[in-house]
Undergrad: 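Before anything else, here's the structure in question.
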Amino acid sequence: GCNGILSNVLFMVAYNFAVANFEKVAASTVYLVLYFIFIPIGHAMASVLVFGWPEKYASSLLSNFPIGLTAMAIGGALTAYLDRIDFNEIIEEWIRDNFTVSHMPPRNAANVAEKSEFYSSVIVLVVNSVWTYVLSVYINTPRAKSEKKELWMESKFTWTQSIVRTQEIV
C-alpha cells in the first residue's frame, strides 16, 4: 500500500532527475546504479512500514537482496529494450495522433534533444512492483506452522495423553 507508493514515487523522482542530469549515460545504466542504491533504502522502508523491523537486520537485508538484484536485472534489461525501440516516442506520437485535447508539441529538431523516459519508467515500475511485491511477501511473511502439522501434533498429543491415562488406571 503506502510503502509501495512512497517507495516507487521516490524512485521515479530520483530516476527521472538522474536521467535528466546524466544525459550522456544510457538510461539503463542510470537505472541499474540507482536501483542498486535503492535496495537497502527500499528494504528499510518496508521493514519500518510493513513487516516490522527485523531482529537481525543484516540477515534480513541479505535475504531480500536477491529480490532487488533480480528486479534490477529485469528493470535494466526492460529499460534498455524500451529505450532501443523508442518506446517513449511511440507513446507520445500515439497520444498526439489519438487525443485531440493533447497539447503535446510535435517532434521536431528543436525538441528531439529533450529525451523523456517517463512512459518507459512507468512500464518498468509496474513490472518490477509486481515482481518485488510477490517475492517480498513470500520472503518476509513470518512462517506459521501449517494447519496440517498442528492437527497432527494435536492428535499425537491426545493419543499420548490417553496412553498415559490408561497406564495410570492400570
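Quick caveat, the model's predicted, so the values are computed rather than measured. Basis for what follows: all heavy atoms, side chains included, without hydrogens, waters or symmetry-related copies.
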Undergrad: Please output the side-chain donor-acceptor pairs of residues 32-45 that fall under 3.5 Å, not counting sequence neighbours, one pair per line with the distance.
TA:
from, atom 1, to, atom 2, distance (Å)
H43, ND1, Y57, OH, 3.2
H43, NE2, S60, OG, 3.0
H43, NE2, N64, ND2, 3.4

Undergrad: Let me confirm one number: the OG1-CZ distance from T70 to F65, rounded to the nearest 0.5 Å.
TA: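 One gets 11.0 Å once the value is rounded to the nearest 0.5 Å.
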Undergrad: L78, Y133: one ILVMFWY side-chain cluster at the under-4.5 Å cut-off?
TA: no
Undergrad: Verify the neighbour count for atom CZ of F22: are there more than 12 heavy atoms of other residues, nucleotides or ligands below 6.0 Å?
TA: no
Undergrad: Please name all residues satisfying ring-ring contact (aromatic ring centres under 6.0 Å, His included) with W131, sequence neighbours left out, ordered by chain then number.
TA: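 Per chain and number, W131 pairs via ring-ring contact (aromatic ring centres under 6.0 Å, His included) with no residue.
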Undergrad: Can you tell me if Y31 and D83 form a side-chain donor-acceptor pair at under 3.5 Å?
TA: no
Undergrad: Which of these passes side-chain contact (heavy atoms from CB on, under 4.5 Å) with I74: L69, V124, N128?
TA: N128
Undergrad: State plainly whether one hydrophobic cluster holds both I123 and V130, where clusters connect Ile, Leu, Val, Met, Phe, Trp and Tyr through side-chain heavy atoms under 4.5 angstrom apart.
TA: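 Looking at the clustering, V130 is in a separate group from I123.
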Undergrad: Considering residues at least two apart in sequence or located in another chain, which fulfil the side chain to side chain donor-acceptor pair (under 3.5 Å) criterion with T79?
TA: none
Undergrad: So if you build clusters from Ile, Leu, Val, Met, Phe, Trp, Tyr with side-chain heavy-atom gaps below 4.5 Å, do L61 and I139 land together?
TA: yes
Undergrad: How long is the gap from CD on E92 to CG on D97, to the nearest 0.5 Å?
TA: 11.5 Å
Undergrad: Could you tell me the separation between the CZ atom of F11 and the OG atom of S129, rounded to the nearest 0.5 Å?
TA: 10.0 Å
Undergrad: Check the hydrophobic clustering (I, L, V, M, F, W, Y; side-chain heavy atoms under 4.5 Å; chains of links allowed) and say if V127 and L135 are grouped together.
TA: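 Yes: a chain of side-chain contacts under 4.5 Å links V127 to L135.
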Undergrad: Let me confirm one number: the OG-CG distance from S121 to L82, rounded to the nearest 0.5 Å.
TA: 9.5 Å
Undergrad: May I ask you to test the S136-I67 pair for a side-chain heavy-atom distance under 4.5 Å?
TA: yes
Undergrad: Heavy atoms only: give me the nearest Y119-I95 pair and the separation to one decimal.
TA: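 Closest heavy-atom pair between Y119 and I95: OH-CD1, 3.5 Å.
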Undergrad: Transitively linked via ILVMFWY side-chain contacts under 4.5 Å: L62 with V137?
TA: no
